[in-house]
Novice: 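Got a structure for you, written out below as structure tokens; questions coming shortly.
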Amino acid sequence: MVNLCVNIDHVATVRNARGETEPDPLHAAMLCELAGATGITFHLREDRRHICDEDALALRRVTKGLLNMEMADTPEMVKIALRVRPDQVTLVPEKREELTTEGGLDVAGQLDSLAKTTKKLRRAGITVSMFINPDQEQVRATRDCAATHVELHTGRYAQHFDRERRKAFEELERLEAAALVAHGEGLVVNAGHGLNYRNTTHVARLPFLNELNIGHAIVGRAIFHGLDVAVRDMIAIIREAEQVLEHDE
Ligand code: PXP
């Protein structure tokens with residue numbers, strides 16, 4: 001069964017727009033879990049533009065399922081992760097000026113630092129995942145770092161989906177190939193970025209997929225229909241995609 005972790009960063013974005021306390025990302029986390037999400041994802045960015053340190057600590061207290069912390073590989077973030085103790089850390093590249101995480105991590109190019117960070121986090125009992133483009137060299141580098149999970153970046157697939165479907169399907173093939181290699185290397189396969197109510201079905205059928213991380217589309221739909229409905233609608237899409245797969249087998 002494919003798990004859904006809901007990224008609640010943009011609840012904090014709305015809160016921070018007024019510098020007040022509402023809407024509260026903790027309430028969002030609780031509602032997502034009640035609606036059936038497997039867990040909660042948040043990104044603690046260097047500039048703290050949405051989630052802040054206190055949110056991270058509070059999310060640890062309220063989240064009953066999987067708590068997944070996205071962060072850059074910096075000494076400051078490693079220290080915070082060791083204090084927060086999420087169940088899983090997903091290491092992501094981070095640029096201050098970007099609107100959202102733009103590309104995957106260059107694991108092969110930063111092997112030493114990422115391997116050291118992975119070791120520290122795993123020693124504390126935290127699962128480590130690397131957010132990478134669907135590139136087989138990066139999959140193998142993730143295994144070399146002793147991380148146990150990869151999150152395949154679906155952003156390029158998502159960008160093409162409504163504009164040039166052919167290119168989206170080419171990218172889907174790269175995602176499938178990367179998922180197969182990752183599974184073959186003994187890695188758990190997660191995926192995410194840019195997924196919405198139109199484009200998630202194909203990704204939910206990736207081979208050996210364990211978890212999807214979805215944020216913007218769910219929080220966006222919640223504005224109109226409420227968070228409970230937004231989460232349930234996404235879970236329904238994932239379950240339907242899985243049923244079609246079972247039917248094919
Ligand atoms: N996965 C990772 C590693 C991310 O950085 C993000 C964005 O924070 C997501 C998934 C969720 O992306 P989206 O908000 O587009 O669903």
Side-chain angles (χ1 to χ4, degrees), residues 1-7 10 37-38 41 43 68 70 90-93 95 98-109 129-143 147 149-221 230-249:
M1 199 178 75
V2 175
N3 298 306
L4 172 67
C5 285
V6 181
N7 180 317
H10 294 311
T38 311
T41 294
H43 186 171
N68 175 36
E70 297 172 358
T90 301
L91 291 167
V92 300
K95 288 193 223 108
E98 70 191 357
L99 285 178
T100 181
T101 316
E102 281 169 1
L105 256 186
D106 179 13
V107 186
S129 181
M130 303 276 174
F131 183 54
I132 58 167
N133 290 330
D135 173 324
Q136 303 189 13
E137 186 199 357
Q138 299 296 346
V139 171
R140 295 200 177 89
T142 299
R143 177 213 53 201
H149 292 48
V150 272
E151 181 177 335
L152 299 176
H153 194 325
T154 53
R156 198 177 298 152
Y157 157 82
Q159 259 178 1
H160 288 312
F161 193 82
D162 289 327
R163 295 181 203 146
E164 266 192 276
R165 197 60 60 90
R166 185 183 53 81
K167 284 194 178 167
F169 285 127
E170 281 168 15
E171 186 66 8
L172 194 64
E173 281 176 18
R174 279 189 278 278
L175 288 160
E176 281 165 2
L180 287 171
V181 173
H183 178 76
E185 297 290 353
L187 295 164
V188 177
V189 181
N190 299 336
H193 209 285
L195 297 177
N196 60 34
Y197 296 86
R198 294 180 303 286
N199 64 25
T200 296
T201 298
H202 298 285
V203 174
R205 292 185 191 145
L206 282 177
F208 304 110
L209 185 68
N210 168 60
E211 170 192 301
L212 287 173
N213 283 294
I214 307 180
H216 188 265
I218 292 177
V219 174
R221 178 169 288 215
V231 172
R232 288 180 198 275
D233 284 353
M234 188 56 82
I235 291 173
I237 287 172
I238 297 169
R239 293 290 162 265
E240 206 172 304
E242 288 175 315
Q243 272 176 17
V244 172
L245 260 189
E246 277 166 22
H247 207 256
D248 288 349
E249 277 164 7

Novice: Mind listing the closest non-hydrogen atom pair of Asn199 and Leu195 along with its distance?
Specialist: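 Heavy atoms only, the tightest pair is OD1-CA, 3.2 Å.
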Novice: Measure the acute angle between the ring planes of Phe208 and His183, then classify it against the limits of 30° and 60° as parallel, tilted or perpendicular.
Specialist: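 Parallel.
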Novice: Kindly indicate whether the side chain of Glu70, heavy atoms from C-beta on, has any atom under 4.5 Å from the side chain of Asn7.
Specialist: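 A side-chain contact exists here, since the closest heavy-atom pair is under 4.5 Å.
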Novice: Tyr197: what forms a ring pair (Phe, Tyr, Trp, His ring centres under 6.0 Å) with it, not counting sequence neighbours?
Specialist: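 Tyr197 satisfies ring pair (Phe, Tyr, Trp, His ring centres under 6.0 Å) with no other residue.
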Novice: Can you measure from CG (Leu105) to CG (Asp135) and round to the nearest 0.5 angstrom?
Specialist: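 Here the rounded value is 12.0 Å.
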Novice: Is the backbone N or O of Gly192 less than 3.5 Å from a side-chain atom of Thr154, with the two atoms forming a donor-acceptor pair by type?
Specialist: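 Yes.
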Novice: Under 6.0 Å from the six-membered ring centre of Phe169 and within 45° of its axis: does the NZ or CZ of Arg166 meet both?
Specialist: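 No, Arg166 does not sit over the ring of Phe169.
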Novice: Between Arg165 and Asp162, which heavy-atom pair has the shortest distance, and what is it?
Specialist: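 Residues Arg165 and Asp162, closest heavy atoms: NH2-OD1, 4.2 Å.
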Novice: Would you mind reporting whether His193 and Asn213 have side-chain heavy atoms less than 4.5 Å apart?
Specialist: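 Of all side-chain heavy-atom pairs linking His193 with Asn213, none is under 4.5 Å.
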Novice: Find out whether Ile214 and Thr200 are in side-chain contact, i.e. whether some heavy atom of one side chain is under 4.5 Å from a heavy atom of the other.
Specialist: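 They are in side-chain contact.
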Novice: Rounded at 0.5 Å granularity, tell me how far CD in Gln138 sits from CG in Leu152.
Specialist: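 If I round to the nearest 0.5 Å, the distance is 11.5 Å.
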Novice: Which distance, rounded to the nearest 0.5 Å, do you find between the CD of Glu164 and the CD of Gln159?
Specialist: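 Between atom CD of Glu164 and atom CD of Gln159 there are 11.5 Å.
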Novice: Which pair of heavy atoms, one from Arg239 and one from Glu242, lies closest together, and at what distance?
Specialist: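 That closest heavy-atom pairing would be NH1-OE1, 2.8 Å.
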Novice: How about Asp233 and Ile237: do any of their side-chain heavy atoms sit closer than 4.5 Å?
Specialist: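 Asp233 does not reach Ile237 side chain to side chain.
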Novice: Can you find a pair of side-chain heavy atoms, one from Glu151 and one from Ile132, that are under 4.5 Å apart?
Specialist: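 Counting from C-beta outward, Glu151 and Ile132 never come under 4.5 Å.
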Novice: For the pair His10 and His216, name the ring-plane relationship: parallel under 30°, tilted 30 to 60°, perpendicular over 60°.
Specialist: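 Taking His216 first and then His10, their aromatic rings stand perpendicular (interplane angle over 60°).
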Novice: Return the minimal non-hydrogen interatomic distance between Pro207 and Ala179, and the atom names on each side.
Specialist: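 Minimum heavy-atom contact is O-CB, 3.6 Å.
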Novice: Does Arg174 come within less than 4.0 Å of Glu171, counting only side-chain N to carboxylate O?
Specialist: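 Salt bridge between Arg174 and Glu171, a charged N being under 4.0 Å from a carboxylate O: yes.
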Novice: For Gly103 versus Pro93, what's the shortest heavy-atom pair and its separation?
Specialist: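 In terms of heavy atoms, the two residues are closest at O-CG, 3.1 Å.
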Novice: Please report the interatomic distance CD(Glu211) to OG1(Thr38), rounded to the nearest 0.5 Å.
Specialist: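 If I round to the nearest 0.5 Å, the distance is 7.5 Å.
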Novice: Return the CG to CG distance between Leu206 and Leu180, rounded to the nearest 0.5 Å.
Specialist: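 Here the rounded value is 9.0 Å.
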Novice: What pair of heavy atoms forms the shortest contact from Ala158 to Gly194, and how long is it?
Specialist: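 It is CB-O, 3.1 Å.
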Novice: Find the distance between CG (Asn210) and NE2 (His149) and round it off to the nearest 0.5 Å.
Specialist: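 It comes to 5.5 Å.
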Novice: Less than 3.5 Å apart, any donor N or O on the side chain of Asn68 or Thr41 sitting next to an acceptor on the other?
Specialist: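 There is such a pair between these side chains.
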Novice: Answer yes or no: is there a side-chain heavy-atom contact under 4.5 Å between Val107 and Val150?
Specialist: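 When only atoms from C-beta onward are counted, Val150 and Val107 do not touch, as no gap falls below 4.5 Å.
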